[in-house]
Amino acid sequence: MPHANPSHPQGGGRYPLLATVDSPTDLRRLSEDKLPALAAELRAFLVDSVSRTGGHLAASLGVVELTIALHYVFDTPADRLIWDVGHQAYPHKILTGRRERMATLRQGGGLSGFPKRAESVYDTFGVGHSSTSIGAAMGMAVAARLKGEPRHVVAVIGDGALGAGMAFEALNHAGATDTDMMVILNDNEMSISPPVGAISNHLARLLSGKLYTSVREGGKTALKGLPSLRELVGRWEEHMKGMVMPSTLFEELGFNYIGPIDGHDLGSLVATLRNMKTMTGPRLLHVVTRKGRGYEPAEEKPVAFHGVSPFDRATGAPAGKSGTAAGRSYTQVFGDWLCDAAAGDERLVGITPAMCEGSGLTRFSQLYPERYFDVGIAEQHALTLAAGLACEGFKPVVAIYSTFLQRAYDQLVHDICLQGLDVTLAVDRAGLVGPDGATHAGSFDLSFGRCLPELVIAAPADENECRRLLQTAYEHPGPALVRYPRGTGPGAPIAPGLEPLHLGQGELRREGREVALLAFGSRLAPALVAAEALDASVANMRFVKPLDEGLILDLAARHPLLVTVEENAIAGGAGSAVAEFLASRGLAPRLLHLGLPDRYIEQDSHEAQLAACGLDAEGIERAVREALGPLGTGA
């Protein structure tokens with residue numbers, strides 16, 4: 001048994017039953033009557049743990065019983081269990097041998113906040129973005145059949161993630177091919193089904209039981225030669241289920257639908273899963289859970305407790321932080337600009353793919369509900385919806401995280417840029433994102449965006465510039481993208497008006513000698529610090545497309561070394577744009593490109609990530625001094 005850590009709630013004293021479970025094998029040794037007590041301990045441990053580290057809490061609290069039941073009934077990891085998105089996977093991590101490491105959650109070198117194949121054999125598929133579980137599970141189920149390996153494959157997907165197109169694509173394919181797999185729909189908003197209770201639970205057990213299944217399948221076989229009678233029985237079955245259950249949508253897609261069932265009733269969960277384990281083909285179990293279950297602050301405010309910083313376990317209040325932020329968050333700057341711009345232009349429409357709070361649209365949605373559209377987890381649709389609005393003379397603004405814009409790249413290329421439509425993309429979380437790690441980092445938007453004809457790309461260096469560049473992009477009569485980082489800016493005062501900046505025009509912020517630092521966006525502040533030690537010139541480039549070509553030519557003519565600095569992948573990024581431009585003019589000055597290296601950057605604090613990539617002031621200075629060595633000069 002692991003030793004207790006006094007700084008983290010993992011000792012056997014507070015959680016005696018949970019302390020005996022270091023793997024699902026240990027869990028399966030418990031008698032079923034002990035599972036409710038285990039659930040209570042697991043839920044309490046989860047709250048204690050996340051209150052110290054922060055993380056995704058509400059969704060994980062909602063699946064405690066479901067997680068226990070799944071590992072109790074199925075022979076994991078031989079049986080494959082795939083979690084969608086991964087926000088709800090903390091109980092899974094705790095039960096699969098990682099309880100002691102929960103103190104390191106989302107920290108450098110610690111546990112990932114999402115399922116990760118390299119972390120555990122129980123994490124069968126790496127996630128972070130939504131709606132991938134059904135497709136991945138189908139692939140694993142097909143692989144098991146092709147290899148002749150008898151195993152069960154189970155995908156767990158939430159009702160929000162189910163709304164994405166690729167989830168339905170996978171359902172449609174799996175149902176059509178009669179793939180042997182199970183999908184569990186975790187409905188934690190009660191948006192699909194009516195209230196559940198004893199009758200629904202009883203029906204779920206009945207419909208998943210051997211008697212019903214054998215009669216159902218046997219009847220189909222016996223009536224195979226009598227199409228009209230067989231059709232009549234099929235309709236009777238459908239209508240009987242339809243009287244007491246939700247829509248037969250899943251049945252129409254080829255799945256044997258069971259539910260809804262109370263996702264917090266361990267007895268019903270275990271019994272139903274055992275029954276469904278004996279069935280074959282595609283089947284779907286619909287469970288209803290409650291986000292934040294068992295922790296009152298999270299039950300009352302599930303959105304606020306979706307992703308949390310460390311908090312006081314007794315009250316749910318955020319833990320005190322040392323120091324104060326230097327400025328307003330870029331997300332807040334965007335939200336204020338959007339409301340101000342909408343007040344002066346009735347054509348402005350705000351769109352977000354399920355990120356109202358995270359993208360700063362809450363106030364806009366309240367002030368202009370008729371012009372606000374949350375499309376759910378449907379990034380592709382968000383961009384094409386914007387394109388359709390632009391075709392009719394509206395000026396849509398799409399608020400989207402950089403990492404999620406990747407999912408709508410074809411729509412950006414084909415539906416917006418190819419047609420030259422007037423759509424503004426407010427791209428949040430550009431660059432590294434700290435504890436959320438590689439799955440959520442906005443590392444590539446400059447690279448995949450700047451190759452697109454018609455697309456203007458701007459990167460503000462501070463809060464005021466963010467507001468002005470958003471207005472610049474909005475006034476531009478074509479597609480435009482403004483990318484800004486997570487968190488707060490350097491504290492620049494924000495002018496209240498809606499004054500744009502000149503398109504494609506940067507500014508020289510410091511005059512120096514020998515070295516010119518060309519800073520794009522968030523890296524201007526550390527570049528200025530490094531420049532003081534180097535006596536280097538510094539340009540705030542502002543635009544990645546179009547580049548300020550005159551400024552680049554001037555700097556190249558007066559400095560032996562040009563250094564581009566960006567919080568984006570070096571490959572294909574802003575530095576590459578500068579190099580391509582200079583080459584097109586037949587110029588070959590010495591260039592040094594600083595940016596994100598050609599690897600995925602794992603979770604850590606944002607500051608530690610930047611330092612590891614050499615993008616803080618110290619790293620910039622060090623890289624320049626190393627480059628200056630062969631020049632035979634120094635600063």
Side-chain angles (χ1 to χ4, degrees), residues 323-345 348 350 358-364 395 397 399-402 424-431 442 445-446 456-476 480-511 517-532 537-548 551 565-568 574 606 610 615 617:
T324 57
R328 306 196 68 204
S329 75
Y330 284 98
T331 301
Q332 291 173 320
V333 172
F334 164 73
D336 291 342
W337 167 81
L338 188 69
C339 292
D340 293 344
D345 190 346
L348 188 152
S359 291
L361 274 76
T362 301
R363 189 162 70 93
F364 177 85
K395 290 180 67 66
V397 177
I400 188 169
Y401 288 9
S402 174
T424 299
L425 297 163
V427 180
D428 203 337
R429 271 66 166 178
D445 53 79
L446 294 185
V456 167
I457 304 176
D462 59 43
E463 302 93 325
N464 187 57
E465 198 165 89
C466 182
R467 180 179 176 92
R468 296 189 68 184
L469 284 175
L470 284 164
Q471 186 65 25
T472 306
Y474 184 72
E475 292 186 10
H476 173 67
L481 182 158
V482 181
R483 57 110 66 176
Y484 44 90
R486 179 180 186 174
T488 58
I494 302 174
L498 294 171
E499 294 297 322
L501 291 167
H502 292 292
L503 187 68
Q505 182 176 312
E507 62 171 350
L508 187 63
R509 290 288 294 268
R510 187 185 191 279
E511 188 71 69
L517 303 177
L518 283 66
F520 292 86
S522 64
R523 295 302 85 204
L524 175 65
L528 286 168
V529 174
E532 290 297 322
S537 297
V538 179
N540 174 21
M541 296 304 296
R542 288 179 176 157
F543 292 90
V544 178
K545 189 173 184 179
L547 288 168
D548 189 335
L551 181 55
V565 190
E566 61 190 299
E567 196 172 343
N568 184 86
H606 188 216
L610 291 170
L615 291 176

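The chain is numbered in sequence order, starting from 1.
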Check: [Y] and [X] side chains under 4.5 Å, non-hydrogen atoms:
X	Y	answer
W337	V397	yes
D428	Y484	yes
T331	R429	yes
E567	L610	yes
E465	L501	yes
E566	L615	no
P490	E463	yes
S537	E511	yes

Quiz item: Taking only residues at least two apart or on different chains, which pairs with a member in residues 486-500 satisfy salt bridge (Lys or Arg N to Asp or Glu O under 4.0 Å)?
Solution: D436-R486

Measure across [X] and [Y] and return the closest heavy-atom pair with its distance rounded to 0.1 Å.
X	Y	result
V538	A531	CG2-CB, 3.2 Å
A459	L469	C-CD1, 4.0 Å
F334	S359	CD2-O, 3.2 Å
A480	A473	CB-CB, 3.6 Å
L348	A341	CD1-CB, 3.7 Å
D462	Y330	CA-OH, 3.3 Å

Can you tell me how far [atom2] of [Y] sits from [atom1] of [X], rounded to the nearest 0.5 angstrom?
X	Y	atom1	atom2	value
E507	L524	CD	CG	7.5 Å
R483	L425	CZ	CG	13.0 Å
L498	Q471	CG	CD	4.5 Å
L508	M541	CG	CE	10.5 Å
R363	L338	CZ	CG	9.0 Å
I457	L547	CD1	CG	9.5 Å

Exercise. Please name all residues satisfying side chain to side chain donor-acceptor pair (under 3.5 Å) with K395, sequence neighbours left out, ordered by chain then number.
Key: D422

Self-check item: With sequence neighbours excluded, residues passing side chain to side chain donor-acceptor pair (under 3.5 Å) with D345
Solution: R347, Y474

Can you check whether [Y]'s main-chain N or O pairs, donor with acceptor, with [X]'s side chain at less than 3.5 Å?
X	Y	value
R468	P500	yes
N464	A495	yes
N568	L446	yes
R467	G497	yes

Self-check item: Test side-chain contact (heavy atoms from CB on, under 4.5 Å) applied to F543 and L503, step by step
Solution: CA-CA 8 Å; F543 292 90; L503 187 68; 3.8 Å; yes

